[in-house]
Chemist: 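Quick one: the structure is below, questions incoming.
Order of appearance sets the numbers: ligands from 1, and atoms from 1 within every ligand. This structure is a prediction, so every number in the text was calculated from the model and none was measured.
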Amino acid sequence: MTRKRVAVLISGRGSNMAALIEAARHPGYPAGIVLVVSNREAAPGLALARGAGVPTAVVDHRAFSTREAFDEAVEAHLLAAQVDLIAHAGFMRMQSDAFVTRWAGRQLNIHPSLLPSFKGLKPHQQALDAGVRISGCSVHFVTPELDGGPIVAQAAVPVVDGDTPESLEARILAAEHRLYPLALTLVATGRARLEG
Ligand code: GRF
């Protein structure tokens, strides 16, 4: 089995990145995390990655005048590391359509709601405002529409009386850490793929 070479893109905490790194430590896992890229030098996830022995790169979006130029700088790191697949994990940058098209079917994102509900910012607050009794998380292929690409896998999580955005986030985050490694397995082994 050839393990797929995966880069994780982060902007912050990096707990989903850590879950992917942990899963990929197992020899039978079909992917290896070969690179972590952050657009923020101060992202706590960078220290986690370095502690796990994973190469890291920082590409500060503020140094680039266009989205395309930033994406190309990130892409230079991806190509140098011979990356097959990209996993967004709390990566807070929109990408240019050109980049998304080049990597179509090779980029995943995780979002803390049962898509297509509650796309975009503050999904936990959106779920509480809507009064749903079940929320969850979704891993999907990245397409130009924010949080709108084809869904690879989902996990359902109950909303309980008295939930705050923070308590719901914590419950969903635990499910994210189980779901993302499973979804990456599906894509890395070709059991899930983007068509058309
Ligand atoms: C997660 O809830 C993820 O679904 C969302 O941003 C958060 C990132 O958390 N896209 P972490 O950096 O992986 O801890």
Chemist: Is L186 linked to V8 within one hydrophobic cluster, defined over Ile, Leu, Val, Met, Phe, Trp and Tyr using a side-chain heavy-atom separation of less than 4.5 Å?
Modeler: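 Same cluster: L186 reaches V8 through Ile, Leu, Val, Met, Phe, Trp or Tyr contacts under 4.5 Å.
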Chemist: Give a yes or no on whether a salt bridge exists between E169 and R171, defined as a side-chain N under 4.0 angstrom from a carboxylate O.
Modeler: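 So E169 does not pair with R171 through a salt bridge.
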Chemist: Flag the pair R102 and D97 as a salt bridge only when some basic side-chain nitrogen lies within less than 4.0 angstrom of an acidic carboxylate oxygen.
Modeler: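 Answer for the salt bridge query: no.
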Chemist: Which class fits the ring pair F70 and F64: parallel under 30°, tilted 30 to 60°, perpendicular over 60°?
Modeler: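 Ring orientation of F70 relative to F64: perpendicular.
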Chemist: Give the C-alpha distance, both sets of side-chain angles, the deciding distance and a yes or no for side-chain hydrogen bond (donor to acceptor under 3.5 Å, both in side chains) between Q154 and S138.
Modeler: CA-CA 4 Å; Q154 294 182 304; S138 308; 2.9 Å; yes
Chemist: How are the rings of H88 and F91 set to each other: parallel, tilted or perpendicular (split at 30° and 60°)?
Modeler: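 Judged by the thresholds at 30° and 60°, the geometry between H88 and F91 is perpendicular.
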Chemist: Can you give me a line-by-line list of nitrogen or oxygen pairs between ligand 1 and the protein shorter than 3.5 Å?
Modeler:
unit_1	atom_1	unit_2	atom_2	d
ligand 1	2 (O)	E176	OE1	3.2
ligand 1	2 (O)	E176	OE2	3.0
ligand 1	4 (O)	I110	O	3.4
ligand 1	4 (O)	E176	OE1	2.6
ligand 1	9 (O)	R13	NH2	3.0
ligand 1	10 (N)	I110	O	3.0
ligand 1	12 (O)	G14	N	2.8
ligand 1	13 (O)	S15	N	3.4
ligand 1	13 (O)	N16	N	2.9
ligand 1	13 (O)	N16	ND2	2.9
ligand 1	14 (O)	R13	NE	2.5
ligand 1	14 (O)	R13	NH2	3.2
ligand 1	14 (O)	S15	N	2.9
ligand 1	14 (O)	S15	OG	2.5

